[in-house]
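Structure first, then comments.
Chain letters run A, B, ... following the sequence lines, proteins first, then strands; residues in each count from 1.
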Amino acid sequence: MTRTLITSALPYINGIKHLGNLVGSQLPADLYARYRRARGDEVMFVCATDEHGTPAELAAARAGQAVADYCSEMHEVQADLARRFGLSFDHFGRSSSVHNHRLTQHLAARLGEAGLIEVVEEEQVYSPADGRFLPDRYIEGTCPNCGYDKARGDQCEECTKQLEPTALIEPRSAISGATDLEVRKTRHLFLRQSALRERLDQWIDSKADWPVLTTSIAKKWLHDGDGLRDRGITRDLDWGIPAQFEGAPWEGMAGKVFYVWFDAPIEYISATAEWAEANGKSEKDWKRWWKTDEGAENVRYVQFMGKDNVPFHTLSFPATLMGSGEDWKLVDYIKSFNYLNYDGGQFSTSQGRGVFMDQALEILPADYWRWWLLSHAPENSDSEFTWENFQLSVNKDLADVLGNFVSRVTKFCRSRFGEKVPEGGDCGPEEEALIAALAKRLRAYEAHMDAIEIRKAAGELRAIWVLGNEYLQEAAPWAAFKQDPARAAAIIRLALNLIRLYAVLSAPFIPEASQRILAAMQAEDDGWPEDVAAALRALAPGHGFRVPEVLFAKISDEAREEWQARFAGGRDR
RNA sequence: GGGCCUGUAGCUCAGUUGGUUAGAGCGGAGCGCUCAUAACGCUUUGGUCGCAGGUUCGAGUCCUGCCGGGCCUACCA
């Protein structure tokens, strides 16, 4: 049996994610996981909240909570939203878990023993008023280049010039506004990625099938300037995984924690360990997904992420695993996404611009969002959400093409034959043509899903739905019923089976609606169709069904206009 | 500044290694159907493929320059 390991980039703990975040990793990962399961793979699909780092500490402080409490609470909020969006994780873990502490420290120790970690002393800006070192972007001041007074220490957003924090005029803390900043010396662990450059380069070269977006970013980092640079993997923070621990092959890191980008990808593995523990499994059960010397050699590992995460997944995380000298499973395929924009601009968490996951579910069921987001996924370039497009797409595709098909067939059957699959009548050339067309499109659909070409797959699925309407028009059971009721029965029997088939094929995109259709059809068989003709006989004559409630209500112009105004900026809570 | 991506019908996007008259869906127009969520089907209308050069028998596709949009640039995550 094919075994597929799927991970989605970890959503950061700091607040509720917007639709752009969702479509950038978790949602397409779920689509693929559901599809692979439907095709009979053994699937392990994990995700987690990414809980460490400066923003988490600051968000907790703003909320007046201890950071551990804040993270616990936000983890539950995100887990609940993920569940309500139908994200079918086998486990949704936490990067702050005890498993991740243990494994992160273990890998760091291995790297240290392998000589791949060194202690580097550097200078950083410290804010006594805040009681913490400030990352460059948490220092604000006047840009020496253009005079913009809110330039950040890493870059001026006004003139886009890159800056050093010490170059800012009148620098201040972006957290407190304090101006008594000082430069202090501090010691950090650095991962000697440069020592692994050759191996990483060869490894990337072996991935000829990866999207350009993915490999070009990795290549840039590998070859730019002096090549891959070593990277600091610790920070002067309280909240995180301690960098000084029993058995650590270095001294003097007391009070420091690992950098979030060191421990976050390791959580993919740890989350699988958490899964094992939560489900009464053994260590063996999770290691067979991750250790190539313990059963993972035939696992296919696919990662999903936004393009901003690519360097960490193509370079530093593989460097961590390779450098450990242990037999960890490396990623086989990376599917990365561009960004989704919102109505002519960017989604903005800080300005509350755009639609966030909780708000989306307040106004419409998850399947509406899933369908639009996936069928417009920003695969090749940034794409844009507009309410007009969303309304048109949902009304046309879901309500008119699919929903109405289910409605017209089941209601016609109920009024003419009752709520059971009618018997009698013969199939003819129309049905043969339909089956041939379906088989062809099904193969195309599978090919696109296998290649994780999401928009193309959505287009093919929609075309499969359209075939049903074309067939009904051609076969015209309402006309046949008047002369030859048996012929009408044969047509409707096929059409009812088509509904069941649509539910099965559509489930990766719209799982909740598919479930409702299957329930209405009282179908027990939800297996992926190996043979279309056979799949269209699954519901036998006499099989009972119910006419389902309206599957997809249309979005009215009034509702669209209201939401358009409501989400234009300034989160309403 | 550097690297990469991107610009194709009103809108959202396909266009394989360069190969005839550039495609799909939506929208617009017309016709048909009447089972259905005024839904469905058929036909049809839309494009100097960002601009200017070049290579070639042949360029949406390759090269150069320019213009526009985006991302990354290693201490946000």
Decide yes or no, distance alone: a donor-acceptor N/O pair under 3.5 angstrom between the base of [N] and the side-chain of [X].
X       : N      : value
Q124(A) : C75(B) : yes
W261(A) : A77(B) : yes
E122(A) : C75(B) : yes
R229(A) : A74(B) : yes
N404(A) : A36(B) : yes

Q. Parallel, tilted or perpendicular: which describes the rings of F390(A) and F385(A), with under 30° parallel and over 60° perpendicular?
A. tilted
Q) Would you call the rings of H313(A) and Y268(A) parallel, tilted or perpendicular, where under 30° means parallel and over 60° means perpendicular? A) tilted
Q) Taking the nucleotide of RNA chain B with the closest heavy atom to each, which residue, L228(A) or D308(A), is nearer the 5' end? A) L228(A)
Q. RNA chain B: N380(A) or A553(A), which has the more 5' nearest nucleotide?
A. N380(A)
Q.
Under 5.5 Å centre to centre and under 30° between planes: does that hold for W478(A) and the six-membered base ring of C35(B)?
A. yes
Q: Return the nucleotide paired to A52(B): Watson-Crick means purine N1 to pyrimidine N3 with N6-O4 or O6-N4, wobble means G-U with N1-O2 and O6-N3, both under 3.5 Å.
A: U64(B)
Q: Hunt down the Watson-Crick or G-U wobble partner of C31(B), both distances under 3.5 Å, from any strand shown, or write none.
A: G41(B)
Q. What form does the base of G28(B) take, syn (within 90° of 0) or anti?
A. anti
Q) Would K307(A) count as a cation-pi partner of Y339(A), with NZ or CZ less than 6.0 Å from the six-membered ring centre and within 45° of the ring normal? A) yes
Q: Give a yes/no verdict on a cation-pi contact between K335(A) and F337(A), requiring under 6.0 Å between NZ or CZ and the six-membered ring centre and an angle within 45° of the axis.
A: yes
Using the 3.5 Å cut-off, write out each protein N or O paired with an N or O of nucleotides 25-29 of chain B and the distance between them.
none

Q: Check RNA chain B against residues 445-458 of chain A and give the residues with a non-hydrogen atom under 4.0 Å, in numerical order.
A: R455(A), K456(A)
Q: Using heavy atoms and a sub-4.0 Å distance, could you list which residues of residues 482-496 of chain A are near RNA chain B? By number, please.
A: none
Would you say the side-chain atoms of [X] and [Y] include a donor-acceptor pair closer than 3.5 Å?
X       : Y       : result
S270(A) : S97(A)  : no
S96(A)  : W239(A) : no
R231(A) : Q193(A) : no
Y70(A)  : H75(A)  : no
N338(A) : S381(A) : no

**Q.** E164(A), CD atom: more than 12 neighbouring heavy atoms under 6.0 Å
**A.** no
(Q) Salt bridge or not between R487(A) and E431(A)? Use side-chain N to carboxylate O under 4.0 Å. (A) yes
Q) Below 4.0 angstrom from OP1 or OP2 of C35(B), is there any side-chain N or O of R408(A)? A) no
Q: Verify the contact: side-chain N or O of Q346(A) to OP1 or OP2 of C71(B), cut-off strictly under 4.0 Å; return yes or no.
A: yes
